[in-house]
Q: 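Quick one: the structure is below, and I'll ask about it shortly.
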Amino acid sequence: MPRLSEVIAALENLWPAERAESWDAVGTVVGDPDQEVTRVLFAVDPVQEIVDEAVKLGADLLVTHHPLYLRGTTTVAASTFKGRVVHTLIKNDIALHVAHTNADTADPGVSDALAGALDLRVVRPLVPDASDPEGRRGLGRICELDHPVTVRELARKAAERLPATAQGIRVAGDPEATVRTIAVSGGSGDSLFDQVRAAGVDAFLTADLRHHPASEAVAHSPLALLDAAHWATEWPWCELAATQLDEISDRNGWDLRVHVSKTVTDPWTAHAASSVTDTSGAPN
């Protein structure tokens with residue numbers, strides 16, 4: 001069985017920490033480099049529910065996309081919910097490793113997994129990484145569809161292919177407009193509207209779209225917006241990452257058992273649809 005340090009070295013090769021944004025907090029949060037690793041769990045969020053799942057599974061390593069302490073801390077006391085996570089991990093000899101923005105821009109990365117979930121053909125990064133001479137790494141992806149579909153059809157497919165959440169898929173723009181090209185970005189994407197417009201695509205699929213940026217985006221052009229739940233757009237990366245680690249394990253003869261959590265950690269738990277679908281007028 002490999003030691004944690006060996007597995008982490010393999011993960012760092014996939015998602016080098018130096019490629020993370022300067023504000024990010026990636027890498028190993030908890031873990032003894034000399035401990036043996038036999039079972040690994042991938043998940044989006046390092047929350048108590050996921051840590052409890054790792055304990056029940058008998059995992060030695062938990063790999064998450066989101067950081068546990070993005071802005072730092074002065075305490076890991078078990079009286080805080082993040083402190084309880086740390087205590088549970090240490091008591092059960094479970095390491096925690098984070099790959100966040102370094103996984104967003106990787107090749108393949110978070111947006112490749114999102115595109116793959118919808119059978120989209122990746123053409124190039126939306127925001128290329130200037131340090132990549134091959135032009136494959138970067139934030140977001142520009143994609144093509146095998147055949148044109150309407151925005152409504154594309155939204156329906158996204159709702160079917162991405163994990164189910166209370167939000168589902170919100171649409172801005174003409175539902176009957178034709179989509180041949182689309183930009184995708186896992187996670188929050190409304191900071192990328194300038195690049196999306198410059199790409200000249202028909203639609204943009206991402207998450208966490210806010211009112212004013214979305215309103216301004218559709219006013220600028222006929223660009224259609226598909227807004228999914230943040231967690232749902234990033235969960236496909238867990239399956240991609242697990243497959244990558246499986247392949248590494250096979251090459252090295254490690255015989256790791258690699259799992260993907262199917263626990264929904266999206267914070268939104270319910271959705272009440274408006275009773276009137278006609279949006280032509282507000283209530284009196």
Side-chain angles (χ1 to χ4, degrees), residues 1-106 109-110 187 230-231 234-235 237-246 248-249 252 254-267:
M1 289 295 105
R3 298 189 182 279
L4 175 63
S5 57
E6 296 175 282
V7 179
I8 295 302
L11 298 182
E12 286 285 355
N13 189 53
L14 292 174
W15 316 298
E18 61 267 23
R19 291 185 188 152
E21 295 290 339
S22 59
W23 50 264
D24 206 359
V26 301
T28 304
V29 181
V30 170
D32 179 350
D34 291 327
Q35 75 182 71
E36 288 189 342
V37 177
T38 61
R39 196 180 296 268
V40 182
L41 178 64
F42 282 86
V44 175
D45 297 303
V47 294
Q48 190 66 45
E49 190 174 8
I50 295 298
V51 173
D52 290 342
E53 181 180 346
V55 172
K56 185 176 181 180
L57 184 66
D60 309 292
L61 171 61
L62 171 62
V63 181
T64 65
H65 182 52
H66 290 152
L68 177 63
Y69 288 108
L70 182 59
R71 294 176 177 83
T73 186
T74 59
T75 178
V76 292
S79 56
T80 65
F81 74 91
K82 291 189 178 184
R84 285 199 306 275
V85 165
V86 172
H87 278 253
T88 305
L89 290 168
I90 292 175
K91 284 182 178 179
N92 291 276
D93 293 322
I94 302 172
L96 172 63
H97 186 79
V98 173
H100 192 210
T101 53
N102 47 334
D104 286 334
T105 58
V110 171
H230 188 122
W231 173 85
E234 294 179 332
W235 184 85
W237 171 80
C238 295
E239 291 194 320
L240 169 63
T243 298
Q244 290 176 289
L245 183 55
D246 264 332
I248 293 170
S249 175
N252 289 283
W254 288 345
D255 195 29
L256 289 178
R257 285 160 287 179
V258 183
H259 305 263
V260 174
S261 173
K262 292 181 169 56
T263 301
V264 178
T265 54
D266 186 74

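Remember, it's a predicted structure, so these values are computed and weren't measured experimentally.
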Q: Under 3.5 Å, side-chain donor or acceptor atoms of residues 90-99 against the rest of the protein: list the pairs with distances, not counting sequence neighbours.
A:
unit_1, atom_1, unit_2, atom_2, d
N92, ND2, T88, O, 2.8
H97, ND1, T28, N, 3.3
H97, ND1, T28, OG1, 3.0

Q: Please find the pair of heavy atoms, one from D45 and one from I50, that lie closest to each other, and give the distance.
A: O-CG1, 3.3 Å
Q: If you define the side chain from C-beta out and look only at heavy atoms, does anything of Q244 sit under 4.5 Å from F42?
A: no
Q: So which heavy atom on L256 is nearest to which on V40, and how close?
A: CD1-CG2, 4.4 Å
Q: Does a side-chain heavy-atom distance below 4.5 Å link K82 with T73?
A: no
Q: Could you name each residue pair satisfying ring-ring contact (aromatic ring centres under 6.0 Å, His included) that touches residues 47-68, not counting sequence neighbours?
A: H65-H100, H65-W237, H66-H100, H66-H230
Q: Any heavy-atom pair between the side chains of W235 and K262 that's under 4.5 Å?
A: yes
Q: Would you say V51 and L68 make side-chain contact, with heavy atoms under 4.5 Å?
A: no
Q: H87 side chain to V76 main-chain N or O, any donor-acceptor pair under 3.5 Å?
A: yes
Q: How close do A43 and L62 get, counting heavy atoms only, and between which atoms?
A: CB-CD1, 4.4 Å
Q: Between G109 and L240, which heavy-atom pair has the shortest distance, and what is it?
A: O-CD2, 3.6 Å
Q: Kindly give the heavy-atom pair with the smallest separation between P46 and V44, and that separation in Å.
A: CD-O, 4.0 Å
Q: Distance-only, no hydrogens or angles: does the D104 side chain make a donor-acceptor pair with backbone N or O of V110 under 3.5 Å?
A: no
Q: A side-chain contact here means heavy atoms from C-beta on lying under 4.5 Å apart; do I248 and L14 qualify?
A: yes
Q: Are any non-hydrogen side-chain atoms of L245 and L11 less than 4.5 angstrom apart?
A: yes
Q: Please report the shortest heavy-atom distance between P2 and V7, naming the atom on each side.
A: CG-CG2, 3.8 Å
Q: Nearest 0.5 angstrom please: L61 CG to T38 OG1, how far?
A: 10.0 Å
Q: I'd like to check D255 versus M1 (side-chain heavy atoms, cut-off strictly below 4.5 Å). Are they in contact?
A: yes
Q: Tell me, with the steps shown, if V37 and W254 meet side-chain contact (heavy atoms from CB on, under 4.5 Å).
A: CA-CA 9 Å; V37 177; W254 288 345; over 6 Å; no
Q: Regarding T263 and E49, do their side chains bring together a donor and an acceptor under 3.5 Å, going by distance alone?
A: no
Q: Using the test side chain to side chain contact (heavy atoms under 4.5 Å, CB included), find all partners of R39 that sit at least two apart in sequence or belong to another chain.
A: L57, D60, R257, H259
Q: Donor-acceptor pair, distance only, cut-off 3.5 Å: does the side chain of T101 make one with the backbone of E21?
A: yes
Q: State, with a plain yes or no, whether a side-chain heavy atom of D24 is found less than 4.5 Å away from one of P67.
A: yes
